[in-house]
Structure formats: C-alpha cells, structure tokens
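Read the structure below first, then the notes.
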Amino acid sequence: MTSPVRRAAPGWSAVSGVVAGMVLVAVAELVSLAFSSSSAPFIAVGGAFVDVVPPALKDLLISLFGTWDKVVLFGSMFAVFAALTGLIGWIGDSRPRLASMLLAALGVLAMILVLTRAQNTVLDVLPTLAGTVIATPTLLLLLRTAHAPAAESAGAGWMRRRSLVGVGAVGALALVAAATARGVNAGRETARRAAQFVLPAPRTSAPPIPETAQVDLEGMPPFVTPNGDFYRIDTALAVPRVDPTTWRLRIHGLVDRELVLSFEELLAEPMIETNLTLTCVSNGVGGDLAGNAVWLGVPVRTLLERVGVKDGADMVLSRSIDGFTASTPLEALTDSRDSLIAVGMNGDPLPAQHGYPVRMVVPGLYGYVSATKWLTELKVTRFADDVAYWTSRGWSERGPIKIASRIDVPRSFADLRPDAEGAVMLGGTAWAQQRGIAAVEVRIDDGDWREAELGAEVSEDTWTQWSLRWEDAAPGDHSVTVRATDGEGEVQTDERADPVPNGASGWHTVRCTVV
Ligand SMILES: Nc1nc2c(c(=O)[nH]1)N[C@H]1C(S)=C(S)[C@@H](COP(=O)(O)O)O[C@H]1N2
Ligand SMILES: [Mo]
C-alpha cells in the first residue's frame, strides 16, 4: 500500500506539537500524584531554574511580583514550553521522526533535572518517563492527522483535525485536574498531620501583648500577623511535605557527640515562646516582606550545649529537606537571644508553607541566613568551610537586619480628608530586631522632623507601630517621609541601598493629597 499524497499544514503541525507537549506534562503530572510533588517535571524544572537565577533577577522578580513570583514563574515556563513544543511540531510538519526525537529529548532533559533535586530519588523520574513514552507516539499520530490528504475537502479535513483539538482539551483538563488534586491533597495531608500532635505547653510563655501595641487606625496591619497572611518567601515551588513520624533532626559537624532527634523527642524538650518579627532581605524600602508572630520552640542553645561545640566553629549551616541551606553565625545561636527550633506559630503547629513540622527562627538576622523551614539538619562548621544557598548566589554570608521604618497609612497617592480640626492621622511600622525601636520621626514635605507616638514595645525583637497626628494638614499635594532610631541610638540612614547583597536601606516616602 502506498500512502496517499498529503498537503503540508505547518500551522496544524505546530498545534500538534503543543498538544503532544501538553499530553506529556498532563500524564507526568497525573502519575506524579502517586510520587512526591518534586517528581512533577514542571516543579523540578522550575526548581532547578530558581536555583540558578542570578540574585539581581530574583530580587527584581520579587520586587515586581512580590509573593506572586511563583505564579509568574509557572506562567512563563508554560509559555516557553508551549513555544518549544510548537516549534517541534512545526519541524515535524516535514520531519516527523526528528520532531518525535526532539520531544523525547525534552523529556529526557526534564528527567535529568528531576534527578538533580535534593529530595528526589531515581524513582521520581517515572512520572516524566511515562509522560514522554506516551507523548512521543502521540505526536506522530497527531502530525499524521494534521496533514490533509490532497483529495480531501475542507470540511472533512476539519472533522479530522477536530480530534487534535479534542486531545488537546483532554490534556488540558487532565492537567488542571492533576494540579487541583495536588493542591487539595497537600491541604488535607497537612491538616491531618497537624491534628496528629498537640503543641506542648511552653515552660516560659511570651509576655502578653499589651493592647496599646496596636495603633488604632484604619489601614494599620495587625500587630500579630495571622498565619494565613504571613509573607512567604522560599525557593520551593511545591511546598515540601514532611512526615513528622519519619522526620529527624541531625546535629553534627564540629561537635563532641552527634545527635539525632525524632519529632517526639523534640516535643519532649522544654519549650519557650517568643514574640519575634521575621524579615526578608529582599524587602525593599517600604515593603511588606516582614511579619510578626508568637513562636514556640526549643532554644537552639540547649541543643548545641548537649552536643558540645568544638573549638574553631563559628557557623551553623542549617539544611532543609529540599536542599536549601542557611549560614547562621554560631554566636547568634549560643548567646542570650532566643533562637528557636520552632514547631508552633501563633498557637498552631507551623503551617506547611512556613516550614511544617520544624523550622528555625533567629532574632536579628534576615530569614535567608537563619529561618530555615522544613529543617532536617544542623551542621556546626566554619564560614571558611561551608557556603549557604544564597551566599553562593551573590548575597552576603551574614545578614543582620537593618533598621527599617514604613508608612502604612496613608497608602501612596491617597486623597486625605482632614478631621474637623484640620488634622490627618498617619501611622506605620518600624523594626530593628535585637536593638528595638527608640524613636520614629516623620517629615512632611521639607519641614522639620516631628516625633511620632510609639505603640507599646513588646520586645526589642518585634516591630513597633507608630502614629502621628498631622495637625496643620494644608490642602494640596504632600510627601510624607519616615525614619526610625534604634535602641542603640543609631538613626536610620537615608542612603539608598538595594536589597542585594545584604538588605535595603533608605527612607520610605509616600505621596498623598490633602483635599
Ligand atoms: N527551606 C527553606 N527555608 C527558607 C527559605 C527557603 O527558600 N527554603 N527562605 C528563607 C527566607 S529568604 C526567608 S525571608 C524566610 C521566610 O519565612 P516565611 O516564608 O515563613 O515568611 O524563610 C527562610 N527559610
Ligand atoms: Mo528572605
């Protein structure tokens, strides 16, 4: 039998490529539901990408999209993947065999990246392998469908190509279903596991938060950030799911006695509670990548005492189950501050996104050098010998938090209506963990600095809210600028610095109009 003469149809062939690519991802996503989330090719490839992104680009993405960065990343990956597979389909219009090889090569590349992920094993390539094995012959079939026999009428051709659209639709549906199932699964799992343990009572409770810590002004953030509103920054594209029944914390390195703790053993340790404001080094001037919570956990100090730190150590490299690492100066974990191996956040077990079941929190240091989530390992070491995740990507090896102050009310470009006496209320937040906030000053336009009123200070490690009654708010456009002074008398500098490499500095200014 000779095959009939077929007309080229590059457009439809490109569509075939995109559809076959979708089949690959959909199958892999569905199969990966039975494996770990990091076995899904999109999550693995995205994760690998995140690991090689230069710090300036990461910083730009976060400043542009904030915590939407992951959505943007997945969207862009999808667009690139569609373009690539479209190109492969287009090539397949004249060279179908080459096209199927290129698609298989894409699959193999994804499998290699899956294997590079810290938490993956060889088995985790199976989802992508299944997707590739099914998608490659599918592409050949679809390419044949795309090509119309020369004798065929336009109507008959459309009928046949409808099957192409059909496969595409089924693929898209499967993808959405797999993604939804993953989300629902993850939520259920965490809820189920969280219900499995009761937070122990602290030996020392955090001091109660006086009502006056909260400035009573509409638009002010809550003094204690609810868990659901707490900013989230990490390199994990799928939230790692850690099973507390098999979880272990290993403390090793320059120690006298290595220690491996189970979750149960950790919970049996005396726990303390602290009020602590976490801050991200990527937070720009006036930004909201900071949150305040009550943390429950075991002081790192007591565990380090137990293992016995050897002379010469000056750093602890904490490691997450997903391979992320942070380098914390040893001193910050052994001095009198309350650095914690934390299990509780605002009275609940840690939410999955914030490190369930165990994370570290350290007063005074940016999160990237201290606040390791999904914690599994502490290695006592030296800065000279080990380099942490972000340090190898251009950020400083040490990250003490800089003084910051922010205007929360009004928002930029707000229209303000003065009260009966011609005054407008302003408010905001300031922090300088480990030093505390001694004063906040506000300047209207080029006027003199005015002393703001401070909300009650809860601890030197928590943020302080401030307010100012702007008495003579004249109609027109104005700028409002804020600066803080820390407990050691250091006045916040107006010198602008980008977040890279060790945190932003500069004064926050908001423009507004009094009407
Ligand atoms: N495993 C892991 N832990 C991590 C990170 C990460 O990428 N992976 N990011 C750190 C950074 S940069 C910050 S600012 C804090 C943020 O903690 P949060 O998401 O609970 O606010 O987590 C830290 N811990
Ligand atoms: Mo961060």
Side-chain angles (χ1 to χ4, degrees), residues 38 46-47 49-51 53 55 58-59 61-63 66-70 73 117-119 224-242 247 249 276-284 287-295 297 316-328 339-346 348-378 388-402 404 431 433 463 498-504:
S38 52
F49 177 76
V50 169
D51 286 351
V53 164
K58 175 230 175 195
D59 196 50
L61 287 175
I62 288 182
S63 65
T67 42
W68 285 93
D69 54 347
K70 294 183 171 73
L73 174 63
R117 308 310 297 153
Q119 68 270 51
V224 174
T225 315
N227 290 356
D229 297 341
F230 208 94
Y231 81 97
R232 173 191 169 199
I233 291 289
D234 53 59
T235 59
L237 291 180
V239 176
R241 285 194 245 164
V242 182
W247 177 90
L249 176 65
L276 170 63
T277 300
L278 283 195
T279 310
C280 183
V281 68
S282 292
N283 194 45
D288 59 3
L289 298 180
N292 187 40
V294 185
W295 305 93
V316 171
L317 190 76
S318 52
R319 183 180 298 274
S320 157
I321 196 154
D322 66 357
F324 170 90
T325 52
S327 55
T328 311
S339 302
L340 297 184
I341 305 291
V343 296
M345 182 176 182
N346 292 329
D348 284 320
L350 293 177
Q353 298 194 332
H354 298 290
Y356 181 85
V358 180
R359 77 175 303 173
M360 201 156 87
V361 291
V362 177
L365 304 181
Y366 287 120
Y368 82 106
V369 287
S370 67
T372 303
K373 305 191 271 190
W374 314 291
L375 180 73
T376 58
E377 191 187 315
L378 297 179
Y389 185 94
W390 284 115
T391 306
S392 63
R393 290 164 177 79
W395 297 75
S396 300
E397 65 179 13
R398 290 161 205 254
I401 296 175
K402 298 180 180 177
W431 58 82
Q433 291 90 325
W463 58 23
D498 285 334
V500 188
N502 60 6

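Keep in mind that what you see is a predicted model, and the values were worked out from it rather than measured. For ligands, and for the atoms within them, numbers begin at 1 and follow the listed sequence.
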Original post:
Between Trp247 and Leu375, what is the shortest heavy-atom contact and its length?
Top reply: NE1-O, 2.6 Å
Distances only, to 0.1 Å: what are the N or O pairs between ligand 1 and the protein that fall under 3.5 Å?
from, atom 1, to, atom 2, distance (Å)
ligand 1, 1 (N), Ser320, OG, 3.1
ligand 1, 1 (N), Lys373, O, 3.2
ligand 1, 3 (N), Lys373, N, 3.0
ligand 1, 7 (O), Thr235, N, 2.8
ligand 1, 9 (N), Ile233, O, 3.3
ligand 1, 17 (O), Arg359, NH2, 3.0
ligand 1, 19 (O), Ile233, N, 3.1
ligand 1, 19 (O), Lys373, NZ, 2.5
ligand 1, 20 (O), His354, ND1, 2.7
ligand 1, 20 (O), Arg359, NH1, 2.8
ligand 1, 20 (O), Arg359, NH2, 3.4
ligand 1, 21 (O), Tyr231, O, 2.6
ligand 1, 24 (N), Ala371, O, 2.9

Subject >> For Asn292, side chain to side chain donor-acceptor pair (under 3.5 Å) partners two or more places apart >> reply: Thr277
Subject >> Leu61 side chain reached by Leu73 side chain, heavy atoms, under 4.5 Å >> reply: no
**OP:** Could you tell me which residues satisfy side-chain contact (heavy atoms from CB on, under 4.5 Å) with Asn502, sequence neighbours excluded, listed by chain and number?
**Re:** Ser396, Lys402
**OP:** Look only at the side chain of Asp322 and the backbone of Gln119, and say whether a donor-acceptor pair between them is shorter than 3.5 Å.
**Re:** no
Original post:
What residues, two or more places apart in sequence or in another chain, satisfy side chain to side chain donor-acceptor pair (under 3.5 Å) together with Asp234?
Top reply: Lys70, Arg232, Lys373
